Protein chains: 2
Amino acid sequence: MLKYQQIASEIEKYIVDHNLQQGDKLPILETLTAQFAVSKSTITSALDLLERKGIIFQVRGSGIFVRRHKRKGYISLLSNQGFSKEMEESQPTSEVIELDIVRPTQEVMDNLNIGTEDEVYSVKRIQYINGETLCLEHSYYNKAIIPYLNKEIVSESIFHYIQEGLGLKVGFSDMYLHADKLNKEEAEYLGLEPGDPKFCLEVIFHLTNGQPFDFSKITYNYKQSQFFIQANSHF
Amino acid sequence: MLKYQQIASEIEKYIVDHNLQQGDKLPILETLTAQFAVSKSTITSALDLLERKGIIFQVRGSGIFVRRHKRKGYISLLSNQGFSKEMEESQPTSEVIELDIVRPTQEVMDNLNIGTEDEVYSVKRIQYINGETLCLEHSYYNKAIIPYLNKEIVSESIFHYIQEGLGLKVGFSDMYLHADKLNKEEAEYLGLEPGDPKFCLEVIFHLTNGQPFDFSKITYNYKQSQFFIQANSHF
DNA sequence: CATTATAATTGTACCGGTATAATTTTTCAA
DNA sequence: TTGAAAAATTATACCGGTACAATTATAATG
């Protein structure tokens, strides 16, 4: 682990352990550089990381402060790891209802940057949380990048397999959100009525080298799912 | 404007002007430092800014590449400026249906970090786009920070007034998303039926010094609104 | 005492340097 | 020609320095 990441997690731990609240001040930069015995720029990197994660905010001429604790039970949309982990208390379980190798539709070709001749894994899953249905997931994986999947891998964490098993590195992702009405099939899976609201999330995950490998369409139970985003003005 | 911001916008302009596409390679760091005649770290800051904005991605050992152009017509949730500007083609217009000074409810006190004795502006607006209703907005402004508002200010851009008129600087924001069913009143305003889906966004805007000044609850017409987020693995 | 001017504090911008890790290209052996 | 090893390329980590801008604290002024 890199120095600035290590320091960031130590500062985060410090905030939690000391039960620091919104607006509480952290030691000044100079003190932090001395305590961690690293250069200014390393501390700055660590603090910038914590700022992007929404843990702290920095005010020029004033200091470094703890940011508001977010509401609980929300799914963070910026974590970029399949979103499962965010549900702290109860781990979701998943049921695989389809796992096939297919030719891509036009939509899938567009989003995964592939052609008619390429093959993709088509995976449908249901995710449960606290015995209730959280969401319906239809994912497409570029077979050229993810050459092999089976029910076991897919019912556990696919991302864990991609990173640990295949040694691939997940980079950035594009997400598209909208609301709509459930159709009959979706309503049955989610235990809701047709015409009820659905919360739709489409995600395209890329490797660090920019290749899109996963296009997922997720339909959330609107009663079970609330989402969370933190934004910074200086981006 | 700072050097690294200036350089970032010049690079962005270069990408647009030269019609660069997804995956196209930009000049290497060394070339950029030479061309802009600045130090390495200034270029790095500019590139990191562009990366957070989703314009480019960087690959160690390989180069700097243009990221996928996002789908059009989506509202970006990370821009942090009231979201209006994002609708490129047609500027939305807004109608003010309420503007009062009131005592805060418990919910408003919690989100704006104020007490029972403090006062807030309560502002209800409807935003239209292409003649259709885009959303219903109910905003609360801390009167201690925004001492004066009138219909004129509120029907134009409140954020413009806050920044230019009052000289305040907008920092970070927390956003909460969920879907639900429209009630009768909301349905009428949006020209939809009660029970139809609604896309709800709650935002708390803070100044750069961490003070929350605006708590807004926005109800979007699900037929008019699609949202967009870009995430990076190394945050 | 209130208000304004001055000074101290503190994070950020920018510089230019060395070292390192990931990727790509080239070289060389089989 | 293929594949593996070596070299070159390229972004990133980390260092420590100066200058600067925003804020806060202090002193001066009426």
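Nothing here was measured: the structure is a model prediction, and the numbers come from that model. Throughout, a chain's letter reflects where its sequence line sits, starting with A, and its residues are numbered from 1.
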Is there a side chain to side chain contact (heavy atoms under 4.5 Å, CB included) between A:Phe228 and A:Leu77? Walk through the geometry before answering. CA-CA 6 Å; A:Phe228 178 64; A:Leu77 284 175; over 6 Å; no
Per-pair distances, 0.1 Å, donor-acceptor, side chain in residues 22-32 of chain A, under 3.5 Å, sequence neighbours excluded:
unit_1: A:Gln22; atom_1: OE1; unit_2: B:Asn113; atom_2: ND2; d: 2.8
unit_1: A:Asp24; atom_1: OD2; unit_2: A:Gln21; atom_2: N; d: 2.7
unit_1: A:Lys25; atom_1: NZ; unit_2: A:Ser62; atom_2: O; d: 3.1

Looking at [N], I'd like to know if its phosphate oxygens (OP1 or OP2) sit under 4.0 Å from a side-chain N or O belonging to [X].
X       : N      : value
A:Thr42 : D:dC15 : yes
A:Tyr4  : D:dA13 : yes
B:Lys40 : C:dC14 : no

Given atom [atom1] of [X] and atom [atom2] of [N], what is their separation to the nearest angstrom?
X       : N      : atom1 : atom2 : answer
A:Asp48 : C:dA13 : CG    : C1'   : 12 Å
B:Glu51 : D:dT12 : CD    : C1'   : 11 Å
A:Leu26 : C:dG11 : CG    : P     : 10 Å
A:Lys25 : D:dT23 : NZ    : P     : 13 Å
B:Phe36 : C:dG16 : CZ    : P     : 16 Å
B:Gln6  : C:dA13 : CD    : P     : 15 Å

Just call it for A:Leu29: base, sugar-phosphate, or nothing, with non-hydrogen atoms closer than 4.0 Å on any strand. base
Describe the nucleic acid contact of A:Leu47 in one word from base, sugar-phosphate, nothing, applying a heavy-atom distance below 4.0 Å. nothing
Candidates C:dC15, D:dC15, D:dT12 - which lies nearest the side chain of A:Lys3: D:dC15
Under 4.0 Å between a side-chain nitrogen and a carboxylate oxygen: does that hold for B:Arg67 and A:Asp174? yes
Is A:Glu107 salt-bridged to A:Lys217, going by a charged N under 4.0 Å from an acidic O? yes
Any donor and acceptor pair, going by atom type alone, linking the side chain of B:Ser94 with main-chain N or O of B:Ser155 inside 3.5 Å? yes
Counting distance only, does the side-chain N/O of B:Tyr140 pair as donor-acceptor with the main-chain N or O of B:Tyr121 below 3.5 Å? no
Output one line per pair: protein atom, nucleotide atom from nucleotides 21-26 of chain C, and distance, for all N/O pairs under 3.5 Å.
unit_1: C:dA21; atom_1: O4'; unit_2: B:Arg60; atom_2: NH2; d: 2.8

Taking the six-membered ring for Trp and the single ring otherwise, decide whether the centroids of B:Phe227 and A:Tyr176 are under 6.0 Å apart. no
